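All remarks here apply to the structure that follows.
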Amino acid sequence: MEFPKENFSGWYNEVVEAAGLVDKRYPVKGMHVWRPYGWKIMGNIDSYFRKIFTEYGHDEVNFPLLVPETEFKKEAEHIRGFEDEVFWVTHGGLDPLDVKLILRPTSETAMYPMFSLWIRSHADLPLKVFQIVNIFRYETKQTRTFIRMREVHFFEAHTVHRTYDEAEEQIQEDIEIWKKIAKKLALPYRIVKKADWDKFPGAVYSLGVETIMPSGRTLQIATFHQYGQNFSRPYGIRYLKEDGTHEYAHQTTFGMSERLLGAIVGIHGDDRGLILPPEIAPIQVVIVPIVGSKKERVLEESKVLYQEIKDSGFNVHLDDRDNYTPGYKFYDWELKGVPLRLEIGPRDLENNQVVLVRRDTGEKISVKREEYLDMISKLLEDIQKNLLSRAEAEMNDKIKYMESIEDAKSFSGVASVNWCGSEECGRLIEEKTDKKIIGSPLDEHRPGRCVICGKETNILAFVAKPY
RNA sequence: GGGGCCGUGGGGUAGCUUGGUUAUCCUACCGGCUUUGGGAGCCGGUGACUCCGGUUCAAAUCCGGGCGGCCCCA
């Protein structure tokens, strides 16, 4: 690594390529190539999504990438929110299309015409589906790997309910699901309610899951939206109630993206490269044989270890490349963020032991052969917990309650200030701090006076520079 | 939204002002021998001027545009 992590931009740009996650040289702005290692990590995250959402009663679906202009333009606010950032398909071959098509920037307008066909009666509800697809947005600002892309690897769950309250319950369930995901990815976060002018286009309200990158800028890594009947009306998603009358359904969505990987990279990595949470690491344990004078014996033993670790259910890799020295391999796997390294050499053979090295702390542990499998299991759990707890501590340090607009402006992290909740004061907060209100924390309140108008309030606003 | 810097082997640089067979280093890659407990050594080799247009006898170099990357400000 050429850049230290203090130079976060340089470090981040370097590590995503050096660790083998992506190749940014693809010649279209905001689009990169996922390389095998990066795609495996993303795949592990996706696999967990499939597992947990299925457990919560969602079914996986897959909708087309293209949406006709006529469907796209049914919900007024939604159009206004997205029309300046969609890619258009205007031609088939050389012929102009009668009905132009968009590349989905999100899938409401692709799904909801179909939902209106699928849903007839209350017995069809709730409908809970999700898909993992790529979406496209014509970003004009500078793009950044995983964080702001024109093609985005995207997860979206869509639900349809009979009543607003049932939709509200769904959002509570979404939060419950998110908490498990956050633990799996070892990501610290705060859930905020987005300001009214900042909600998803077409939503009644939006909740954002925010984390903080080492630069002090916030990153929105998941969203929950309450749509109420805002989409069901224009798309005609109605159901027949028990009493024989029709009613428009209430809907929600839960969205996440490759930004999660960006957060993992940024939050856990260090000067040596990535550090992956064991729960999603494609390789949890890498065996580096140090062959020395006993090449045959060491390699033979390495293979035995490999099989034992694999049989214990861990993702293990044996690095038996003989054109690289052990030192080279150490650096290489550290760069790739493998949580645990197992070294075995002549000395270990003699002492009937192996050496385990933690990626998160660098600690080296010699352990007897009889105990090493248990130790691997324990260390991986420790690393998972340690990554989360130290990231949480860092995040807490970056959020500070402030009583004045000036303090909020000069603070490099997230300033938490009292806000009366009015749009007028909110806009002024943003103007005077040169930052954004990323939202009001759901579970945090504090009595005080609005930093603009002085009105008493217990509402807080998180003020920060978002990505 | 505004401003700036930049694009040369896989990676990093020099060459550009003043047009004339490009070059260099670490690194990467290929072959060979020796190596292996924190980025191995030696020898030999492969490999590039972002694209389009213009000016010119001649363009990496000058001019225009596109595409792409990065930084700063709002």
Side-chain angles (χ1 to χ4, degrees), chain A residues 1-3 6-33 35 84-85 87 138-151 215-217 270-273 286-302 305 318-336 338 340-359 361-367 409-410 412 427-437 463-467:
Chain A
M1 294 288 297
E2 184 187 346
F3 292 101
E6 287 89 69
N7 176 355
F8 184 68
S9 253
W11 176 88
Y12 184 84
N13 282 333
E14 184 186 4
V15 76
V16 294
E17 289 202 297
L21 304 183
V22 296
D23 193 328
K24 297 198 294 188
R25 292 171 301 181
Y26 191 76
V28 178
K29 179 182 170 69
M31 299 184 187
H32 59 208
V33 177
R35 300 182 66 195
D84 63 345
E85 58 178 271
F87 280 97
Y138 180 71
E139 295 286 353
T140 51
K141 290 181 178 178
Q142 188 181 330
T143 52
R144 196 182 293 272
T145 308
F146 303 135
I147 291 174
R148 174 172 284 114
M149 298 291 289
R150 284 181 166 183
E151 179 174 10
S215 57
R217 293 172 74 177
D270 64 14
D271 286 351
R272 293 174 175 231
V286 64
I287 301 172
V288 178
I290 294 137
V291 297
S293 55
K294 301 184 177 173
K295 187 166 177 175
E296 295 304 316
R297 282 272 289 123
V298 170
L299 282 179
E300 197 179 303
E301 198 60 22
S302 299
L305 292 169
L318 170 59
D319 187 354
D320 56 4
R321 294 176 289 180
D322 64 0
N323 47 340
Y324 292 105
T325 59
Y328 178 93
K329 294 177 183 177
F330 296 165
Y331 282 103
D332 195 30
W333 295 113
E334 282 167 358
L335 174 59
K336 287 186 151 65
V338 173
L340 259 190
R341 178 172 80 236
L342 186 155
E343 302 174 12
I344 174 131
R347 290 206 297 270
D348 303 307
L349 285 181
E350 232 163 81
N351 299 327
N352 191 39
Q353 65 172 30
V354 300
V355 175
L356 293 169
V357 185
R358 293 174 64 140
R359 177 63 181 87
T361 61
E363 187 186 359
K364 279 195 175 193
I365 300 143
S366 295
V367 59
K409 181 181 167 71
S410 60
S412 66
R427 298 280 193 186
L428 276 170
I429 290 173
E430 294 190 339
E431 211 172 288
K432 292 190 176 193
T433 55
D434 225 12
K435 298 183 179 182
K436 295 284 178 204
I437 290 181
V463 180
K465 293 204 177 202
Y467 270 107

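This structure is a prediction, so every number in the text was calculated from the model and none was measured. Reckoned from all heavy atoms, side chains included, excluding hydrogens, waters and symmetry mates. Labels below follow one simple rule: chain letters A, B, ... track the order of the sequence lines, proteins then strands, and each chain is numbered from 1.
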Check your understanding: RNA chain B in dot-bracket, Watson-Crick or G-U pairs under 3.5 Å, [ ] crossing, | other strand?
Key -> (((((((..(((((.....[.))).))(((((((.....)))))))...(((((..]....)))))))))))).

For nucleotides 7-10 of chain B, give me every protein contact, N/O to N/O, under 3.5 Å, one pair per line with atom names.
residue: B/G10; atom: O3'; partner: A/R25; partner atom: NH1; Å: 2.8
residue: B/G10; atom: O2'; partner: A/R25; partner atom: NH1; Å: 3.4

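- Residue-level contact check: A/V288 touches neither bases nor backbone, having no heavy atom under 4.0 Å from any strand.
- Spacing between atom CD1 of A/I344 and atom P of B/U36 amounts to 18 Å, rounded to whole angstrom units.
- Between A/E343 atom CD and B/G37 atom P the separation is 11 Å, expressed in whole Å.
- Residues passing the side-chain hydrogen bond (donor to acceptor under 3.5 Å, both in side chains) test with A/R297: none are found, sequence neighbours excluded.
- Counting only residues at least two apart or in different chains, side-chain hydrogen bond (donor to acceptor under 3.5 Å, both in side chains) contacts with residues 17-27 of chain A comprise A/N13-A/K24, A/D23-A/R25.
- As rounded to the nearest Å, B/G39 and B/U27 have P atoms that lie 13 Å from one another.
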Point to revise | Summary of protein contacts for nucleotides 44-49 of chain B, nucleotide by nucleotide, where a base hit scores B, a sugar-phosphate-only hit scores S (4.0 Å, heavy atoms) | key: ------

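- One can place CZ of A/R347 at 13 Å from P of B/U36, the figure rounded to the nearest angstrom.
- For B/C52 and B/G15, the C1' atoms lie 24 Å apart once the distance is rounded to whole Å.
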Check your understanding: With the sugar-phosphate defined as primed atoms, P, OP1 and OP2, and the base as all remaining atoms, what B/S/- string results for nucleotides 25-33 of chain B, 5' to 3', for protein heavy atoms under 4.0 Å?
Key -> ----S----

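- Annotation: of the two residues near RNA chain B, A/M1 and A/G292, the 5′-most nearest-nucleotide partner is A/G292.
- With C1' as the reference atom, B/A74 and B/C6 are 23 Å apart, rounded to whole Å.
- Distances were taken from every side-chain heavy atom of A/V291 (C-beta onward) to each of B/U36, B/G38, B/G1; the shortest belongs to B/U36.
- A salt bridge links A/D270 with A/R359: the distance from a Lys NZ or Arg NE/NH1/NH2 to an Asp or Glu carboxylate oxygen falls below 4.0 Å.
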Practice item. Assign a letter to each nucleotide of nucleotides 69-74 of chain B from its 5' end: B, base within under 4.0 Å of a protein heavy atom; S, sugar-phosphate only; -, no contact. Key: SSB--S

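- Residues satisfying the ring pair (Phe, Tyr, Trp, His ring centres under 6.0 Å) test with A/F330, not counting sequence neighbours, are none.
- Only the P atoms considered, B/U55 is 15 Å distant from B/G64, to the nearest whole Å.
- Every residue meeting the side-chain contact (heavy atoms from CB on, under 4.5 Å) condition with A/S366, not counting sequence neighbours, appears here in chain and number order: A/Q353, A/V355.
- For A/F87, the ring pair (Phe, Tyr, Trp, His ring centres under 6.0 Å) criterion is met by A/Y138, not counting sequence neighbours.
- Residue A/P289 is out of contact with every strand shown, counting any heavy-atom pair closer than 4.0 Å.
- Using a 4.0 Å heavy-atom cutoff across all strands shown, A/R272 reaches at least one base atom of the nucleic acid.
- When the P atom is used for both B/U18 and B/C25, the distance is 30 Å, rounded to whole Å.
- Between A/E350 and A/K294, at least one side-chain N (NZ, or NE/NH1/NH2) sits under 4.0 Å from a carboxylate O, which counts as a salt bridge.
- Separating the CZ atom of A/F330 from the C1' atom of B/G37 is a distance of 6 Å, rounded to the nearest angstrom.
- Atom C1' of B/G69 sits at a distance of 15 Å from the matching atom of B/G11, rounded to the whole Å.
- Here B/G39 presents its C1' atom at 12 Å from CZ of A/R321, a figure rounded to the nearest Å.
- Residues passing the salt bridge (charged side-chain N to carboxylate O under 4.0 Å, His left out) test with A/R358, sequence neighbours excluded: A/D360, A/D382.
- Comparing B/G19 with B/C62, their P atoms are spaced 10 Å from each other, to the whole Å.
- Nucleotide B/U35 holds its P atom 18 Å from the CD1 atom of A/I290, rounded to whole Å.
- A donor N or O paired with an acceptor N or O is found under 3.5 Å between the base of B/G38 and the side-chain atoms of A/E334.
- Partners of A/Y324 by ring pair (Phe, Tyr, Trp, His ring centres under 6.0 Å), not counting sequence neighbours, listed by chain and number: A/Y328.
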